[in-house]
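Report on the following structure.
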Amino acid sequence: GAKIEAIIGMGNLGYSVEDHVRRSISEVNLDDFEFIVLLDEDIGTGFEENYQAGKAKILTAFVPDPYGDDVNRYMKCAENIEHALRKLSF
């Protein structure tokens, strides 16, 4: 499940991540999605060469990963993601 810092931080912003399960992108059927938003630069680099996105439109909004940081960093990351998503054209 999610780290306690993520659960608390995201909960403070009105999101529930208690049931979140981390999965490798190779475990997901990308054909099931209209959009794929790449938030991690490591995944974004070479994504299209390594994965078949099917009909999905690929968007990028790289946000630093808060893994291992405190609750405030998780909250800041969530705010950065929200801000980045508002700027994207879906």
task = Grab the two heavy atoms, one from C77 and one from V63, that are nearest each other, plus how far apart they are.
result = SG-CG1, 3.7 Å

query = Considering only heavy atoms from C-beta outward, does the side chain of V71 approach that of I4 to under 4.5 Å?
reply = no

ask   = Are M10 and I81 in one and the same hydrophobic cluster, where Ile, Leu, Val, Met, Phe, Trp and Tyr link if side-chain heavy atoms are under 4.5 Å apart?
value = no

request  = Name all pairs fulfilling the salt bridge (charged side-chain N to carboxylate O under 4.0 Å, His left out) condition that reach into residues 68-77, sequence neighbours left out, sorted by first residue then second.
outcome  = D69-R73

request  = Scan residues 9-21 for pairs that pass salt bridge (charged side-chain N to carboxylate O under 4.0 Å, His left out), counting only residues two or more places apart or in two chains.
outcome  = none

request  = Provide the full list of ring pair (Phe, Tyr, Trp, His ring centres under 6.0 Å) pairs with a residue in residues 65-84, sequence neighbours left out, each pair given once.
outcome  = none

For I7 against V17, the heavy-atom pair lying closest together = CA-CG2, 3.7 Å

ask   = Where is the tightest heavy-atom contact between M75 and G9, given as atom of each residue plus distance?
value = CG-O, 3.2 Å

Please list every donor-acceptor pair under 3.5 Å in which a side-chain atom of residues 35-51 meets a protein atom from a residue at least two apart or in another chain.
{"unit_1": "D40", "atom_1": "OD1", "unit_2": "D42", "atom_2": "N", "d": "2.7"}
{"unit_1": "D40", "atom_1": "OD1", "unit_2": "I43", "atom_2": "N", "d": "3.3"}
{"unit_1": "T45", "atom_1": "OG1", "unit_2": "E41", "atom_2": "O", "d": "2.9"}
{"unit_1": "N50", "atom_1": "ND2", "unit_2": "G46", "atom_2": "O", "d": "2.9"}

query = At what distance, to the nearest 0.5 angstrom, does CG of L85 lie from CG of L88?
reply = 5.5 Å

key: Listed partners of Y15 passing side-chain hydrogen bond (donor to acceptor under 3.5 Å, both in side chains), at least two apart   = E82

inquiry  = According to side-chain hydrogen bond (donor to acceptor under 3.5 Å, both in side chains), who are the partners of S16, at least two apart in sequence or on a separate chain?
reply    = none

query = What heavy-atom pair brings L13 and A78 nearest, and what distance separates the two atoms?
reply = CD1-CB, 3.4 Å

task = Any chance you could measure K55, atom NZ, to E34, atom CD, to the nearest 0.5 Å?
result = 7.0 Å

